[in-house]
**Student:** 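Please see the structure below; I have some questions.
Keep in mind that what you see is a predicted model, and the values were worked out from it rather than measured. Sequence lines set the chain letters: A, B, ... in the order given, protein chains first and strands last, and positions in each chain run from 1. The analysis underlying the following values was restricted to heavy atoms, covering all of them including side chains, and did not include hydrogens, waters or symmetry mates.
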Amino acid sequence: MLLLLLGQSDHTTHTGEQSDMKNCNYQQIDPKALPMAVPSQSHPPSQHEVQEKEERQPENERRKPRRKWQVFPGKNRFFCDGRIIVARKSGVLPLTLGLILVTTGLFFVFDCPFLVQHLTVCIPVIGGVLFVFVLTTLLQTTLSDPGILPRATPDEAADIEKQIDESGSTGHQSPPRTREVVINGQVVKLKYCSTCKMFRPPRTTHCRVCDNCVERFDHHCPWVGNCVGKRNYRFFYSFIVSLSFHTAFIFGCVTTHLALRAQGGKGLVFALQKSPGRYPLHGESSISFTFFNSFMSYHADPILSLTVPFTAVELLICFLSVWSIVGLSGFHTYLVASNQTTNEDIKGSWSGKSGGETVINPYSHRNICKNCCSTLCGPMPPSLIDRRGFLPEDGCVQTGAGDLELPALTTGNDTNVVGRKCTQGTKGLLESAARSPLLSSSCPQGKPQPVQASTNNHLIVNSDPSLELSNICATTHSTTHSSPPRQTQAHSPPPRRTKTHSPPPRRTKTHSPPPRRTKTHSSRKKKPSTVHIPDPGSGDPAPPTSANAHHQHHHHHHHNRSKSRGVSPRH
Amino acid sequence: MAETHSLQELQTPPASSKIFIQRDYGSGTFCRFHTKLPSELESRVDKQQFEETMQTLNNLYAEAEKLGGRSYLEGCLACLTAYTVFLCLETHYEKVLKKISRYIKDQNEKIYAPRGLLLTDPIERGLRVLEITIFEDRSIGSSR
């Protein structure tokens with residue numbers, strides 16, 4: 001049975017080590033059960049939204065090497081074999097796209113011909129450039145990794161737990177789940193994220209909607225359907241600024257169009273001007289005739305008759321949205337200039353006093369120019385989650401919470417573990433133990449790691465990829481489930497926060513432009529649950545009273561989490 | 001933690017343990033690691049050597065994240081092209097990351113592997129930690 005399990009594994013990714021693997025394996029597993037590995041790296045899984053489902057691969061069948069995005073634990077969806085990442089809930093992104101496309105389309109169809117004729121040909125050109133810019137930046141904001149921090153490997157998690165326990169036992173006054181660092185003279189508290197099992201770096205927040213820790217978390221924007229964080233803030237900012245210009249431009253053009261039309265249809269205006277006093281019913285026939293003519297011509301021409309209603313629609317949309325968009329741009333310009341995030345601004349982290357001392361923003365460069373440049377023109381950090389890297393051969397990427405479970409796993413409770421059908425996990429661990437050279441094979445950056453030639457490191461195996469499955473083997477553990485699912489409750493319900501600052505919708509919303517500090521934009525939320533997640537505190541329940549409860553807590557949490565995600569707990 | 005499985009004992013296993021060098025946030029969110037030699041490694045590697053390695057790494061990361069003329073130019077160019085240039089070209093940061101990978105590999109080969117240590121590139125841990133694996137020579141599980 002054990003051998004069979006071993007035999008089921010595959011995920012050989014590199015041909016070079018395959019022979020080694022087979023050699024190693026022959027000693028202990030049934031040769032017949034060897035995987036018929038097809039280590040074609042060029043054969044990635046089909047393009048479909050897989051998310052984090054580790055589907056149960058049919059035994060002894062084709063082993064396609066899997067990429068890390070397929071086992072990504074957060075709530076994201078991937079397209080194009082991991083090249084594109086979006087949040088699972090797209091919020092009102094279709095509405096945003098629809099409004100932009102429709103309004104711009106109407107503009108080009110109904111306004112441009114007239115304006116080109118009467119004014120200049122530059123108008124559609126400028127409109128086109130702005131439109132392309134808006135669309136590109138919107139797509140980049142939506143489809144890029146906002147700066148997701150991969151979850152801690154089991155070893156890291158264990159190390160941190162150990163440190164926490166040690167510090168807790170010495171009776172520190174601060175709760176053991178926080179660390180304090182001094183950044184540029186300012187004391188900053190780092191919180192422990194129990195989902196990701198690590199102390200969050202400064203300015204990092206766990207987004208409840210996406211279930212990821214995001215660096216330099218600004219907010220989760222339902223209008224773009226993604227978090228806005230370190231990596232895509234500049235895209236987001238460019239988007240709202242260009243959208244402001246675009247909206248204002250269309251608004252101006254439409255107003256001009258209508259004004260010119262009204263002027264051109266002189267009869268109408270003339271008649272209207274003259275009508276009150278001098279419009280007899282049957283006299284003054286020239287005037288009435290002119291009026292009649294223009295009236296008739298207006299209704300006779302279908303394009304003309306359509307133009308005004310559609311143009312009026314455009315005008316309405318632009319008028320309503322220009323305030324909100326421009327206001328939002330102004331707000332974010334302020335944030336950029338002071339090097340703050342929306343999250344910090346809302347919580348008032350760097351304003352006011354804390355404990356009698358004035359707090360200052362430790363990240364600000366004290367220079368508006370430098371702040372702007374560092375935020376918008378700084379170096380582009382790479383994506384840390386390595387979506388397209390290959391999983392190590394064991395298939396069970398990590399046991400994200402499995403710091404304590406890991407030894408249990410490896411010390412031979414295979415069948416026990418398998419009790420939850422973690423076949424892949426078990427076989428993976430043991431197999432990878434046997435096939436240590438392959439550890440290096442799935443190095444995310446494609447570079448083979450040196451050494452490890454003869455090291456049996458089941459631990460390394462599990463730690464290698466930077467993506468961990470926090471629920472796979474953890475859920476397989478028959479470890480305790482006694483603790484109540486506090487964590488899931490923290491995660492699953494929609495954020496309670498009154499959408500203090502949800503970035504106002506692109507269009508169709510009348511609301512006053514946000515003054516600097518009031519984040520009370522009334523917003524027409526389509527999906528309240530996705531609106532705005534400025535509040536990080538998701539993964540931080542009260543510190544557990546004991547290490548045991550804590551660990552149980554984690555197990556249960558992961559167990560529930562995987563369940564709540566609809567992932568059948570087994571592969 | 002690194003308890004060896006009986007099955008694995010048939011195989012190779014020098015058992016191993018891991019220690020983690022955490023990030024140093026003293027100067028902000030820039031990528032820096034603590035340079036102090038951990039106590040577990042004191043017997044294994046020279047303190048100065050280790051600090052030199054860490055310092056070089058920190059310098060490389062600082063170079064990647066440096067705000068200077070080059071990064072501004074890159075940023076402005078990207079902005080003008082609606083950031084599509086990021087899809088095509090390799091950024092300065094990525095280039096430096098490759099340099100860091102080569103450096104770590106080099107250090108592993110020259111200095112750390114002979115001492116039974118292995119540095120893992122922090123990028124593979126999401127730039128959270130620098131993981132050092134300690135290989136025991138005997139297959140005695142060293143639960144850490």
**Student:** Treating B/R128 as the side-chain partner and A/M198 as the backbone partner, does any N or O pair qualify as donor plus acceptor under 3.5 Å?
**Tutor:**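 Absent.
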**Student:** Under 4.5 Å heavy-atom distance to chain B, tell me which part of A/I148 shows up: side chain, backbone, both or neither.
**Tutor:**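 Neither part.
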**Student:** Quick one: pull up NZ in B/K66 and OG in A/S374 and give me the separation to the nearest 0.5 Å.
**Tutor:**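 B/K66 atom NZ to A/S374 atom OG measures 14.5 Å (nearest 0.5 Å).
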**Student:** If I measure from the heavy atoms of chain B, does A/R234 come under 4.5 Å with its side chain, its backbone, both, or neither?
**Tutor:**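 Interface part for A/R234: both.
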**Student:** CZ of A/R203 to OH of B/Y25: how many Å apart, nearest 0.5 Å?
**Tutor:**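 Reported value, rounded in 0.5 Å steps: 13.0 Å.
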**Student:** Once rounded to the nearest 0.5 Å, what's the spacing between atom CD of B/E74 and atom CE of A/M380?
**Tutor:**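 Answer rounded to 0.5 Å: 10.0 Å.
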**Student:** Against chain B, label A/F235 side chain, backbone, both or neither, depending on which of its atoms sit under 4.5 Å from a heavy atom there.
**Tutor:**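 Its backbone and side chain both get close to chain B.
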**Student:** Is B/K98 in contact with chain A via its backbone, its side chain, both, or neither, using a 4.5 Å heavy-atom distance?
**Tutor:**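 Neither part.
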**Student:** What's the separation between atom OH in B/Y72 and atom SG in A/C377, rounded to the nearest 0.5 Å?
**Tutor:**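 B/Y72 OH to A/C377 SG: 8.0 Å, rounded to 0.5 Å.
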**Student:** For A/Y233, which residues count as a ring-ring contact (aromatic ring centres under 6.0 Å, His included) partner, sequence neighbours excluded?
**Tutor:**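 Per chain and number, A/Y233 pairs via ring-ring contact (aromatic ring centres under 6.0 Å, His included) with A/H332.
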**Student:** Could you please spell out the steps behind the side-chain contact (heavy atoms from CB on, under 4.5 Å) verdict for A/D159 and B/Q22?
**Tutor:** CA-CA 11 Å; A/D159 187 59; B/Q22 300 287 339; 4.2 Å; yes
**Student:** As an exercise, state the distance from OG of B/S27 to CD1 of A/I183, rounded to the nearest 0.5 Å.
**Tutor:**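 Between atom OG of B/S27 and atom CD1 of A/I183 there are 8.5 Å.
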**Student:** Applying ring-ring contact (aromatic ring centres under 6.0 Å, His included), can you list everything that pairs with B/Y112, at least two apart in sequence or on another chain?
**Tutor:**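 In terms of ring-ring contact (aromatic ring centres under 6.0 Å, His included), with neighbours along the sequence ignored, B/Y112 is linked to no residue.
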**Student:** Tell me, with the steps shown, if A/I160 and B/F20 meet side-chain contact (heavy atoms from CB on, under 4.5 Å).
**Tutor:** CA-CA 9 Å; A/I160 292 178; B/F20 299 95; over 6 Å; no
**Student:** To the nearest 0.5 Å, tell me how far B/C79 SG sits from A/F133 CZ.
**Tutor:**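 Reported value, rounded in 0.5 Å steps: 5.0 Å.
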**Student:** With sequence neighbours left out, write down each residue that passes side-chain contact (heavy atoms from CB on, under 4.5 Å) with B/D106, or none if nothing qualifies.
**Tutor:**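 Expected list: B/K110.
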**Student:** For B/L97 versus A/P382, what's the shortest heavy-atom pair and its separation?
**Tutor:**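 Shortest heavy-atom contact: CD1-CG, 3.3 Å.
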**Student:** Using side-chain heavy atoms (C-beta onward) and a distance below 4.5 Å, is A/P379 in contact with B/L67?
**Tutor:**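 Side chain of A/P379 against side chain of B/L67, heavy atoms only: contact under 4.5 Å found.
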**Student:** Does any backbone or side-chain atom of B/A78 lie under 4.5 Å from a heavy atom of chain A? Answer side chain, backbone, both or neither.
**Tutor:**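 Neither part.
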**Student:** Is there a side-chain contact (heavy atoms from CB on, under 4.5 Å) between B/T29 and A/E215 once you walk through the steps?
**Tutor:** CA-CA 10 Å; B/T29 51; A/E215 289 192 295; over 6 Å; no
**Student:** Taking side chain as everything from C-beta outward and backbone as N, CA, C, O, which of these in A/P201 sits under 4.5 Å from a heavy atom of chain B? Side chain, backbone, both or neither.
**Tutor:**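 Contact with chain B involves both backbone and side-chain atoms of A/P201.
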**Student:** For chain A, which residues from residues 81-88 of chain B have at least one heavy atom closer than 4.5 Å to it?
**Tutor:**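 At a heavy-atom separation under 4.5 Å, chain A is reached by B/A82, B/Y83, B/T84, B/F86, B/L87.
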